[in-house]
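Remember, predicted model here, so these are calculated numbers, not experimental data. In what follows, chains carry the letters A, B, and so on, assigned in the order in which the sequence lines appear, proteins first and then strands, with residues in each chain numbered from 1.
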2 protein chains.
Amino acid sequence: MSLIDEINFDAHGLLPAIAQDVVSKRVLMMAWMNEEAVRQTMATGFAHYYSRSRKKQWKKGETSGHVQKIVDMYLDCDGDTLLLKIEQTGVACHTNRESCFYKQRQGDAWIIIEEPIE
Amino acid sequence: MSLIDEINFDAHGLLPAIAQDVVSKRVLMMAWMNEEAVRQTMATGFAHYYSRSRKKQWKKGETSGHVQKIVDMYLDCDGDTLLLKIEQTGVACHTNRESCFYKQRQGDAWIIIEEPIE
């Protein structure tokens, strides 16, 4: 599959994948993919990642139901980062927030600007 | 600086930083920061990164003039990825494209969907 050949995985066989909401354009999360996750994502149309901490494949939303339907995929100039434009079911963050990027720098502190959804 | 203490750098002392255009909301690039780059970015208000290939600090735009003015910075739930909302001068990509993510998956190929600016 030439799609895979153009990807430059790192020394651990991984690359970062950025998930962006296709409607709001909000950046929701960043997670890692190995070759298998890329193939699973392309084959199924839903985001799959590789968990470095759990050392296993992971379909986003497999337990929470918060799946990510792929609308478009982009590879960057160096071939070492993916951008996923997705339709997010539910929330992207495991803290039950819409985005994982909910801590904003304000002066000398990271301030939580978004509360978990009830 | 407590801002730094909350960041979980990886085993190489790095973390990914995603640069997003604050106006268009387009994701422009992903690059790496070490602690010094985070401090330089916060101190100057302009994005600084660490080049893994050149093994050196790097102010974005230092040679091209294509600097990135920081509007907002966000840290994710795990503290291991930054999101920068920026005002981009010129183009973000070294190929002279607005974004580094100019190769779109179309079927079995990555198709270049954006030409370099003259």
Engineer: Would you compute the distance between atom CD of E6(A) and atom CZ of R105(B) and round it to the nearest 0.5 angstrom?
Structural biologist: 12.5 Å
Engineer: So what's closer than 4.5 Å to chain A heavy atoms on T81(B): side chain, backbone, both or neither?
Structural biologist: both
Engineer: Side chain, backbone, both or neither: which part of S24(B) has a non-hydrogen atom closer than 4.5 Å to chain A?
Structural biologist: backbone
Engineer: Do F9(B) and W58(B) sit in one hydrophobic cluster, given that two such residues count as connected whenever their side-chain heavy atoms are within less than 4.5 Å of each other, even indirectly?
Structural biologist: yes
Engineer: By a 4.5 Å heavy-atom criterion (distance strictly below it), what part of I18(B) contacts chain A: side chain, backbone, both, or neither?
Structural biologist: side chain
Engineer: For residues I4(B) and L84(B): do they belong to one hydrophobic cluster (side chain heavy atoms under 4.5 Å, members Ile, Leu, Val, Met, Phe, Trp, Tyr)?
Structural biologist: yes
Engineer: Between I7(B) and chain A, which part of the residue has a heavy atom less than 4.5 Å away: side chain, backbone, both or neither?
Structural biologist: side chain
Engineer: Could you measure the distance from the CE atom of M30(B) to the CE atom of M30(A)? Nearest 0.5 Å is fine.
Structural biologist: 6.5 Å
Engineer: I'd like to know if the side chain of W110(A) reaches the main chain of L75(B), judged simply by a donor and an acceptor atom lying under 3.5 Å from each other, with no hydrogens or angles considered.
Structural biologist: no
Engineer: Can you name the closest pair of heavy atoms from D76(B) and K103(A) and give their distance?
Structural biologist: O-CE, 3.3 Å
Engineer: Hey, are the side chains of D78(A) and H94(B) touching, using non-hydrogen atoms and a 4.5 Å cut-off?
Structural biologist: yes
Engineer: Is V22(B) linked to V91(B) within one hydrophobic cluster, defined over Ile, Leu, Val, Met, Phe, Trp and Tyr using a side-chain heavy-atom separation of less than 4.5 Å?
Structural biologist: no
Engineer: Does the side chain of F101(B) reach to within under 4.5 Å of the side chain of L82(A), using non-hydrogen atoms?
Structural biologist: no
Engineer: Is D80(B) salt-bridged to R52(A), cutoff N-O under 4.0 Å?
Structural biologist: yes
Engineer: For the atom pair CG (L83(A)) and OG (S99(B)), what is the distance rounded to the nearest 0.5 Å?
Structural biologist: 7.0 Å
Engineer: Can you tell if the side chain of Q20(B) reaches within under 4.5 Å of the side chain of Q20(A), non-hydrogen atoms only?
Structural biologist: yes
Engineer: Is there a side-chain contact between C77(A) and C93(B), using heavy atoms and a 4.5 Å cut-off?
Structural biologist: yes
Engineer: Can a donor-acceptor pair be found, under 3.5 Å and without considering hydrogens, that links the side chain of S2(B) to the backbone of D108(A)?
Structural biologist: yes
Engineer: Might you point out which heavy atoms bring H12(A) and H12(B) nearest each other, and give the distance in Å?
Structural biologist: NE2-NE2, 4.4 Å
Engineer: Quick one: are V27(B) and Y74(A) in side-chain contact, heavy atoms under 4.5 Å?
Structural biologist: no
Engineer: Under 4.5 Å between side-chain heavy atoms, hopping through other hydrophobics if needed: is there a path connecting V67(B) to M29(B)?
Structural biologist: no
Engineer: Just so I know, are the side chains of D72(A) and Q104(B) near enough to count as touching, which here means a heavy-atom distance under 4.5 Å?
Structural biologist: yes
Engineer: When clusters are formed by joining ILVMFWY residues with side-chain heavy atoms under 4.5 Å apart, either directly or through shared neighbours, do L3(A) and V38(A) land in the same one?
Structural biologist: yes
